[in-house]
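Encoded as structure tokens, the structure appears first; notes follow it.
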2 protein chains.
Amino acid sequence: MGVVQTQTATLFAPPDALRLECGRSLGPIEVAYETYGALSPARDNAVFVCHALTGDAHAAGYHAAAEQRPGWWEFMIGPGKPIDTRRYFVICANILGGCRGTTGPSSINPQTQQPWGLDFPIVTVADMVKVHKRLTEHLGISKLLAVVGGSMGGMQVLEWAVRYPDSVRAAIAIATTPRLSAQSIAFDAIGRSAILADPKFAKGLYHAGETPAQGLAIARMIGHITYLSEEGMHAKFGRQLRHADRYRFDFTSEFSVETYLDHQGRAFVERFDANSYLYVTKAMDYFDLPAAAGSLEAALAGVKARFLVISFRTDWLFTPAQSRQIVDALLARDKDVTYCNIDSHYGHDAFLLEPERLGRLIHGHLESVLHDSSIAGLCLADRTAAPPRAPKRLDLACIEDLIAPQSTVLDLGCGDGTLLARLRQHKGVRGFGVETDEEAVLACVDRGLPVIHGDLEDELAKLPDDAYDCVVLSQTLQALRNPNAVLHDMLRVGRVCLVSFPNAAYWRRRLRLLVTGRAAYGENGSLPWHASALQRSLSLRDFLTYCRMQHIRAVRVLALNPRTGRRVQKVPNARARQIVVMLQKAPPPSAGPQK
Amino acid sequence: MGVVQTQTATLFAPPDALRLECGRSLGPIEVAYETYGALSPARDNAVFVCHALTGDAHAAGYHAAAEQRPGWWEFMIGPGKPIDTRRYFVICANILGGCRGTTGPSSINPQTQQPWGLDFPIVTVADMVKVHKRLTEHLGISKLLAVVGGSMGGMQVLEWAVRYPDSVRAAIAIATTPRLSAQSIAFDAIGRSAILADPKFAKGLYHAGETPAQGLAIARMIGHITYLSEEGMHAKFGRQLRHADRYRFDFTSEFSVETYLDHQGRAFVERFDANSYLYVTKAMDYFDLPAAAGSLEAALAGVKARFLVISFRTDWLFTPAQSRQIVDALLARDKDVTYCNIDSHYGHDAFLLEPERLGRLIHGHLESVLHDSSIAGLCLADRTAAPPRAPKRLDLACIEDLIAPQSTVLDLGCGDGTLLARLRQHKGVRGFGVETDEEAVLACVDRGLPVIHGDLEDELAKLPDDAYDCVVLSQTLQALRNPNAVLHDMLRVGRVCLVSFPNAAYWRRRLRLLVTGRAAYGENGSLPWHASALQRSLSLRDFLTYCRMQHIRAVRVLALNPRTGRRVQKVPNARARQIVVMLQKAPPPSAGPQK
């Protein structure tokens with residue numbers, strides 16, 4: 001971005017003061033912000049970036065040509081970067097209660113002309129977002145293309161999407177949570193205790209003298225452990241000693257991890273204010289999206305943004321399970337959501353340390369929203385994914401044929417999204433995928449396809465009834481742990497289901513078993529039993545018997561022979577190598593003839 | 001135990017001072033200890049209990065009849081309890097550097113007649129164990145029946161077993177680690193920082209005035225989070241507010257988890273000394289079993305004790321993976337070790353909170369060691385497990401017949417240990433099991449069988465070459481993810497392998513597939529495809545082809561028909577429902593005829 005400048009807007013000047021959640025009013029409020037790129041004439045290309053706990057408005061570029069350290073999300077924002085400033089107008093602003101230019105407890109209380117200290121009102125994430133919403137209005141923007149943020153920035157993203165559903169096209173929530181766990185509250189509380197216990201804290205009025213540096217450093221050190229993962233710390237430090245090859249047998253810091261934390265603590269007190277630390281951690285503790293609405297599902301019921309939720313495998317502060325709560329609530333309300341759990345060992349900090357995968361996801365999602373919104377002047381110039389190839393597998397070609405144009409399709413085990421991309425291109429289908437492989441999930445997002453990163457046997461149960469016109473399960477039935485549960489869930493979620501599987505009763509297989517006594521074959525008849533994936537054998541007849549018993553209607557049965565490339569009309573259970581079945585729920589059995 | 005008294009021994013009186021690892025000498029050393037039960041005339045029934053970080057010698061009973069709170073491991077120690085004081089003589093002693101009666105930094109420095117404070121020498125876990133070893137000698141005991149301890153107590157157990165291999169029959173290490181991770185060191189370091197930063201700490205010489213209560217409380221609060229699990233904290237506190245139904249919008253503690261931690265901090269400073277906290281956490285940080293020997297395997301090479309290692313699923317301080325390092329190193333050296341990962345949500349604290357399962361494991365292991373040691377006067381009066389039933393399954397009966405008397409047997413997927421218990425009883429076999437189900441693992445320990453709690457596909461690779469005469473895999477081959485790797489590992493670990501599996505080419509199955517086009521059958525021919533476990537089909541012929549290709553010798557093939565209860569002699573691939581095969585590595589292929 002080159003050299004950028006922090007600007008300041010003065011908002012909520014009395015009598016228009018901001019009514020805070022705590023009941024008190026605050027105004028005027030100064031807001032420090034930076035912008036990158038140019039606002040389009042239609043004012044529809046703005047991306048608001050929300051910073052985390054101790055971040056600031058300086059997300060990208062340098063404040064001076066000689067500066068060494070760029071903004072905190074330099075890899076993400078800039079020309080040609082995932083949030084491409086050649087196309088988007090990017091805004092980042094310091095949060096209310098912070099200490100980096102926006103009004104906070106170190107600001108001057110207009111009544112007393114002294115720093116607020118602990119007289120500053122308690123602020124919440126909702127208050128922060130209200131201030132930023134006003135800033136966007138001040139900039140002449142009524143609808144954001146996207147709101148993006150990690151950690152506490154992700155909380156702001158959730159708040160934006162819930163509070164201003166008509167002002168957010170895309171919501172990208174990274175490494176965040178709908179509310180803190182007891183454990184996270186406990187860490188915050190101990191950090192605050194350390195600050196409050198520091199005699200130099202002086203009830204928050206330390207501005208004339210020494211600051212409570214030791215208390216703040218301890219709070220930061222505690223926080224820092226929660227930002228890293230155990231395995232990340234092990235990889236970085238292990239049990240390495242900093243300055244020696246043997247123990248010193250005293251209480252000075254000697255393990256590398258100790259001196260690193262000392263350094264983190266010292267560096268932090270240089271740039272951050274102890275009062276602000278109290279306020280922003282408290283805001284985080286108070287954030288509780290489900291509380292007011294009664295449930296997370298209810299809280300998210302009104303959102304209109306297309307969601308991208310990203311978590312990191314080793315994040316134990318805001319865990320993948322907490323991101324999944326957001327995803328599951330959105331799924332339950334049939335909202336548009338993509339989810340990826342990135343396999344990173346960086347823990348919570350990964351949202352600042354995984355440029356490649358994070359960049360692909362954010363780039364792909366923004367592109368997809370642009371595309372769907374048909375925003376003028378911002379064409380999809382650089383889609384990275386290859387155009388979807390025609391299916392080589394006969395069963396996939398048949399499935400493609402069977403799907404109605406303009407329908408909605410759920411593809412279970414969607415791989416890199418080839419089928420869904422073809423259906424979108426050729427039939428105008430609105431597709432959604434579930435896929436367990438991370439690289440395949442990234443490929444789907446590259447194509448602009450919504451996808452959930454997870455095991456289909458776990459995911460399916462979370463989807464609402466009758467959410468899709470069609471649910472597809474191709475060549476996976478035979479490898480499921482619990483095929484019965486999956487089939488019933490498919491029929492619950494979709495009006496029609498398409499299932500393909502290899503037919504164990506194909507005549508060559510029968511004959512081989514009968515004549516040679518060999519039973520084992522792989523998916524395409526070539527892999528021996530000890531090298532193939534674990535899978536069960538079933539024939540068309542087995543499957544149809546099952547359907548009858550379970551009151552499932554097999555409305556179409558396609559018996560295929562991929563070797564000839566043709567459908568088999570007669571004696572399908574003997575002549576088909578592969579089967580494609582279209583299923584529907586049977587109508588409830590009649591109660592017998594009425595008298 | 002009723003009312004008990006703490007006693008004190010004075011050891012290492014000069015000139016016999018203890019040479020510490022740090023190079024300094026210390027003596028005399030007072031040791032506070034308690035004993036429960038009676039020492040046998042042969043002095044061979046002593047169980048030494050090692051306490052954790054902030055514990056003390058008071059493990060069981062009450063110090064006065066009116067006392068409310070018993071010793072810290074009351075559920076474990078007493079008449080009829082898992083460590084049964086009717087049979088064992090139990091000793092528990094405060095650690096060196098502690099503050100509960102054993103010499104530590106709050107003791108009087110004989111040179112100055114003042115409390116030591118930070119002049120006290122840095123002590124290590126090895127120093128602590130040397131002191132306790134001397135105590136046992138003082139009590140006239142040269143060989144302990146067992147050493148038992150959790151957390152830092154578990155480190156002492158490891159140290160005992162390594163340092164005094166001939167003095168320990170059984171080592172029971174619970175929720176412990178061979179060395180702290182960077183993350184655990186970091187938590188300890190921050191706790192110490194909080195104490196050292198408290199102005200009342202006064203370089204450790206606070207004994208005349210106020211104590212550094214705030215620093216110590218913060219250290220304890222940090223520690224406490226690491227003792228609980230995220231899910232345990234969630235279950236206990238969630239986001240509950242302590243005294244209100246809405247936020248107070250100030251910085252007083254209001255979440256239940258905050259007030260709980262405040263209470264823990266306050267209570268701790270009443271009973272524990274800040275200097276001791278520095279010394280014992282430092283000892284923990286310094287503990288590094290692999291360091292001196294070069295590897296954990298090398299460190300454990302000389303141990304003779306029978307090990308029981310126990311971890312807890314949600315323990316994130318000393319993780320199951322760290323317990324597994326101990327187990328794996330013992331397995332690699334072919335040591336006698338039993339392992340169970342208890343599915344508890346209590347986190348690290350579970351070693352104080354899981355009486356039932358912990359009790360069964362410790363009781364079973366002690367019984368088994370007693371039995372093997374044939375210690376006079378301590379018969380196995382109360383074995384809880386039922387005598388092993390004769391096998392109903394024909395393949396198991398055949399496997400039992402094929403195993404040589406007095407051999408060593410590894411049973412992969414050993415269930416509740418029925419086969420191994422029968423082999424022990426009828427053939428004098430020394431058995432060892434691997435089992436994934438926790439309840440089955442507990443049942444094995446009830447029977448006194450060594451067993452590893454884990455997935456056989458992961459465990460097998462950890463065992464050394466040629467460790468067993470025979471390795472058994474019954475009715476599991478067809479459900480393995482990677483049968484080829486397992487079979488090769490079995491042949492590496494055992495001189496002979498016995499494998500049983502259902503024969504997919506049994507003539508009824510062939511005929512059924514041919515005539516009816518039905519392929520799906522369960523293990524015993526009854527479960528339909530959608531209800532059976534995921535498993536592959538293979539015939540005897542498939543298996544023998546595989547063996548030829550892989551240079552595995554099938555030295556015995558038993559073709560069975562369980563319905564008739566007989567072996568099949570002719571046309572086995574058509575007439576057998578089940579197969580038992582005895583396998584051996586083929587000799588390396590000859591290099592061709594010599595000229």
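Chain identifiers are assigned alphabetically (A, B, ...) following the order of the sequence lines, protein sequences preceding nucleic acid strands; residue numbering begins at 1 within each chain.
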If you round to the nearest 0.5 Å, how far is [atom2] of [Y] from [atom1] of [X]?
X: Lys282(A); Y: Asp250(B); atom1: NZ; atom2: CG; result: 6.5 Å
X: Leu534(A); Y: Leu534(B); atom1: CG; atom2: CG; result: 4.0 Å
X: Leu513(A); Y: Asn573(B); atom1: CG; atom2: CG; result: 8.5 Å
X: Arg220(B); Y: Ile190(A); atom1: CZ; atom2: CD1; result: 11.5 Å
X: Leu514(B); Y: Leu511(A); atom1: CG; atom2: CG; result: 7.0 Å
X: Arg24(A); Y: Phe249(B); atom1: CZ; atom2: CZ; result: 11.5 Å

Do the side chains of [Y] and [X] get nearer than 4.5 Å, heavy atoms only?
X: Ser181(B); Y: Met233(A); value: no
X: Ile122(A); Y: Phe251(B); value: yes
X: Arg179(B); Y: Arg239(A); value: yes
X: Trp316(B); Y: Gln183(A); value: yes
X: Thr545(A); Y: Arg518(B); value: yes

Side chain from CB out, backbone as N, CA, C, O: work out which of these in Tyr286(B) comes under 4.5 Å of a heavy atom of chain A, or both, or neither.
both
Sort Ala197(B) into side chain, backbone, both or neither according to what part of it lies under 4.5 angstrom from a heavy atom of chain A.
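Interface part for Ala197(B): both.
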Name the member of Leu477(B), Leu487(B), Leu228(B) that forms the most heavy-atom pairs with chain A at distances under 4.5 Å.
Leu477(B)
Out of Leu540(B), Asp198(B), Asp285(B), which one racks up the most heavy-atom pairs below 4.5 Å with chain A?
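The option with the most such pairs is Asp285(B).
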Residue among [options] with most heavy-atom pairs under 4.5 Å to chain B:
options: Cys22(A), Ser184(A), Ala321(A); value: Cys22(A)
options: Leu196(A), Asn482(A), Ile222(A), Asp288(A); value: Asp288(A)
options: Met549(A), Glu21(A), Glu254(A), Arg192(A); value: Glu254(A)
options: Tyr279(A), Phe543(A), Phe237(A); value: Tyr279(A)
options: Thr319(A), Ile218(A), Val123(A), Ile225(A); value: Ile225(A)

So which part of [X] gets closer than 4.5 Å to some heavy atom of chain B, the side chain, the backbone, both or neither?
X: Leu480(A); value: backbone
X: Glu230(A); value: both
X: Tyr506(A); value: neither
X: Ala533(A); value: backbone
X: Tyr247(A); value: both
X: Ala479(A); value: backbone
X: Ala194(A); value: both
X: Asn484(A); value: both

Which residues in residues 256-264 of chain A have a heavy atom less than 4.5 Å from any heavy atom of chain B?
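At a heavy-atom separation under 4.5 Å, chain B is reached by Val257(A), Glu258(A), Leu261(A).
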Please indicate whether His234(B) has more than 12 foreign heavy atoms, meaning atoms of other residues, nucleotides or ligands, lying under 6.0 Å from its NE2.
no
Can you name the nearest heavy-atom pair linking Ala505(A) to Gly517(B), along with the distance?
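Of all heavy-atom pairs spanning Ala505(A) and Gly517(B), the closest is CB-O, 3.5 Å.
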Looking only at heavy atoms, the pair that brings Ser537(B) and Trp529(A) closest together is O-CB, 4.3 Å
Are the side chain of Arg541(B) and the backbone of Thr516(A) linked by a donor-acceptor contact shorter than 3.5 Å?
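Yes.
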With sequence neighbours excluded, residues passing side chain to side chain contact (heavy atoms under 4.5 Å, CB included) with Ile552(B):
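Expected list: His488(B), Leu491(B), Tyr546(B), Cys547(B), Gln550(B), Leu583(B).
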